[in-house]
Amino acid sequence: MRRLRLIFVWVLFPVFGAIAQEKKLSKEEAVVKALENNFGIEIAKNQIDIAENNASVLNSGYLPTLTGTAGATYNNNDTRTEFPGQLNDDGSPRGDIEVNDAESQRYNAAINLNYTLFDGLGRFYTFKRLKEQYQLSTLQARETIENTMLQMFSVYFEIARLTENKNVQMQALNISKDRIQRAEYSFEYGQNTKLDILNAQVDVTNDSINLLNTEQQLANAKRDLNVVLNQNLNEEYEVDTTIVFIPKFQIMEYIENSISNNVAILQTETNLTINAYDIKVNKSGYLPTIELTGSYGWNRNQNAPSAFLTGAVFPGTNSNVGSMSLGASLTWNLFDGGGTTVRVKNAKITYANQELLRMQVELEVNRDIQNALAIYENRLKIYQIQEQNVLTNQNNFERSREQFQLGSITSIEFRQAQINLLNAQTNKNLAKYDAKLAELQLLQLTGQLLNVEL
């Protein structure tokens with residue numbers, strides 16, 4: 001018995017030493033990394049930024065528009081003026097007058113201001129609608145975060161389960177290796193046959209294959225978590241296998257407040273508010289629109305030299321002109337062919353549909369919560385049963401090992417006790433993390449997934 005324990009410690013020490021050297025990735029650290037690095041969460045954050053920009057005063061329509069215009073024109077002309085049959089003052093025939101390279105420039109600039117003083121309250125309700133749209137974007141981002149957290153914990157707990165399974169299978173492998181040594185010693189002293197050695201070797205082979213498969217699954221699960229956390233795919237770490245369940249009274253309190261916290265219900269309520277504003281925006285088409293306008297213009301002309309009837313050629317002249325204007329206009333679409341009426345009616349129908357959708361979502365959420373609670377309680381009971389089953393199989397295995405060492409039972413019977421214990425331990429691990437995931441799904445439905453410590 002002492003020899004068996006020494007072999008067990010000697011074989012496992014290098015493995016546990018290597019695991020101890022791996023860095024620990026706690027649940028809290030995994031949550032922080034996911035919130036900071038996950039691609040889906042980053043996209044959701046950018047969508048919130050877009051909604052925030054849309055809900056700013058710069059997109060409200062309350063600010064005036066100011067435009068500026070400017071222009072310049074350049075002309076270069078050669079002109080010839082003829083005076084057929086005309087005489088000068090001294091009676092001599094009037095000759096032709098030519099003006100070459102006659103340059104002229106024109107410059108103008110203007111600033112125009114437009115401001116909508118009243119538009120039937122359309123922009124007022126549009127601005128409120130944009131605020132609600134921003135709120136909807138935050139709820140959608142919260143839903144993305146919740147789904148990502150649930151995905152992350154699903155992979156995290158899978159790593160924890162496989163880690164515990166790996167440790168259990170390592171113990172089983174070392175026990176099988178010790179059986180080979182015992183079988184060989186017994187064969188040397190003529191206490192058993194070669195068949196016992198072969199059976200032990202077969203068991204070692206099977207345990208080794210099972211361990212290799214578990215190690216491969218564990219490596220794959222770690223890469224899956226690295227993708228969720230957006231870090232190096234080959235990052236190595238050890239996860240926390242400790243599980244703490246939330247007290248039942250706390251769960252029931254969350255369920256009582258689920259209607260006001262569930263993200264799906266909150267989204268339908270926000271959409272309902274948005275649809276209410278859509279009705280008011282469309283009703284603004286019944287009211288007039290008042291607009292204010294203002295402008296200031298500046299012109300500068302430089303004329304080219306020209307010939308006049310007096311026969312002289314005058315140089316170009318310059319002129320500067322500035323003008324300012326203010327105005328107001330009222331536009332009232334007394335009848336638009338019924339377009340506004342149709343839009344208002346359709347908006348009211350959409351609002352009614354959204355009310356029906358809200359009631360449907362609320363009913364479905366209540367159903368999902370009750371189902372999730374039943375699943376959680378069932379899995380919790382299964383976990384408790386599996387815990388007791390491990391204790392039973394552990395006692396059975398210890399007694400079987402004592403009887404096997406005394407030669408009271410065969411290696412096949414001992415192996416069966418070992419397999420029963422191994423199955424009980426792996427089933428307990430599966431039940432534990434299944435129960436915790438069921439709890440997380442219930443917390444998500446009650447809107448508390450991001451508010452509790454796990």
Side-chain angles (χ1 to χ4, degrees), residues 1-20 158 160-218 241-243 379-435:
M1 185 70 180
R2 182 178 180 184
R3 176 182 174 84
L4 177 61
R5 292 177 179 174
L6 289 175
I7 293 175
F8 179 78
V9 173
W10 179 80
V11 173
L12 291 185
F13 177 78
V15 178
F16 286 125
I19 294 177
E158 177 66 7
R161 184 184 72 85
L162 292 172
T163 299
E164 292 191 326
N165 286 355
K166 176 183 175 182
N167 295 336
V168 170
Q169 290 170 351
M170 288 172 61
Q171 295 176 12
L173 176 60
N174 283 277
I175 292 173
S176 298
K177 288 181 178 179
D178 182 70
R179 275 181 52 209
I180 293 180
Q181 293 184 348
R182 287 183 174 275
E184 290 175 347
Y185 292 153
S186 298
F187 178 74
E188 290 177 0
Y189 291 101
Q191 296 178 356
N192 59 13
T193 63
K194 187 69 173 179
L195 182 60
D196 291 330
I197 299 177
L198 295 177
N199 287 334
Q201 289 176 344
V202 170
D203 293 337
V204 167
T205 300
N206 291 332
D207 291 341
S208 300
I209 292 174
N210 292 334
L211 179 59
L212 288 174
N213 289 334
T214 300
E215 288 177 341
Q216 181 61 56
Q217 294 171 2
L218 180 59
T241 59
T242 304
I243 293 297
R379 291 183 177 179
L380 204 55
K381 291 178 182 178
I382 293 175
Y383 171 56
Q384 294 169 352
I385 294 173
Q386 292 293 355
E387 279 188 315
Q388 184 61 42
N389 189 39
V390 168
L391 296 177
T392 302
N393 280 276
Q394 184 70 43
N395 292 331
N396 179 63
F397 174 74
E398 293 296 338
R399 292 185 179 183
S400 298
R401 180 163 58 181
E402 292 176 359
Q403 293 179 0
F404 175 68
Q405 293 172 352
L406 296 174
S408 301
I409 63 174
T410 64
S411 61
I412 296 177
E413 293 173 318
F414 175 70
R415 175 64 176 176
Q416 187 59 50
Q418 181 187 9
I419 292 175
N420 291 339
L421 176 60
L422 178 63
N423 291 336
Q425 290 172 326
T426 55
N427 289 337
K428 185 203 73 171
N429 294 337
L430 178 61
K432 177 172 67 171
Y433 295 110
D434 279 350

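Start at 1 with the first residue, then count along the sequence.
Taking the side chain as every heavy atom from C-beta outward, R182 and Q405 approach each other to under 4.5 Å. The shortest side-chain heavy-atom distance between F397 and N420 does not fall under the 4.5 Å cut-off. Residues V204 and L173 are in side-chain contact: their nearest non-hydrogen atoms beyond the backbone lie under 4.5 Å apart. Here the side chains of S411 and R179 are in contact, with some heavy-atom distance below 4.5 Å. Counting heavy atoms from C-beta on, the side chains of S176 and Q201 never come closer than 4.5 Å.
Residue N206 holds its CG atom at 11.5 Å from CD of Q169, rounded to the nearest 0.5 Å. Rounding to the nearest 0.5 angstrom, the gap separating the CG atom in L211 from the CG atom in L218 is 10.5 Å. The distance from atom CG of D196 to atom CD1 of I180, rounded to the nearest 0.5 Å, is 12.0 Å.
A side-chain donor-acceptor contact under 3.5 Å links Q394 and E398. Side-chain contact check for D203 and N199: no donor-acceptor pair (N or O, by modelled atom type) lies under 3.5 Å.
Between the side chain of D178 and the main chain of N174, no donor-acceptor pair closer than 3.5 Å is present. At least one donor-acceptor pair under 3.5 Å links the side chain of N393 to the backbone N or O of N389. In this structure, S408 contributes its side chain and F404 its backbone to no donor-acceptor pair below 3.5 Å.
Identified under the salt bridge (charged side-chain N to carboxylate O under 4.0 Å, His left out) test for residues 421-432, with sequence neighbours left out: E164-K432.
With a 6.0 Å radius and a threshold of 12 heavy atoms from other residues, nucleotides or ligands, L406 has its CG atom above the threshold.
Among residues two or more places apart in sequence or in another chain, the side chain to side chain donor-acceptor pair (under 3.5 Å) test is passed with Q386 by none. Residues forming a salt bridge (Lys or Arg N to Asp or Glu O under 4.0 Å) with D207 (at least two apart in sequence, or on another chain): R415.
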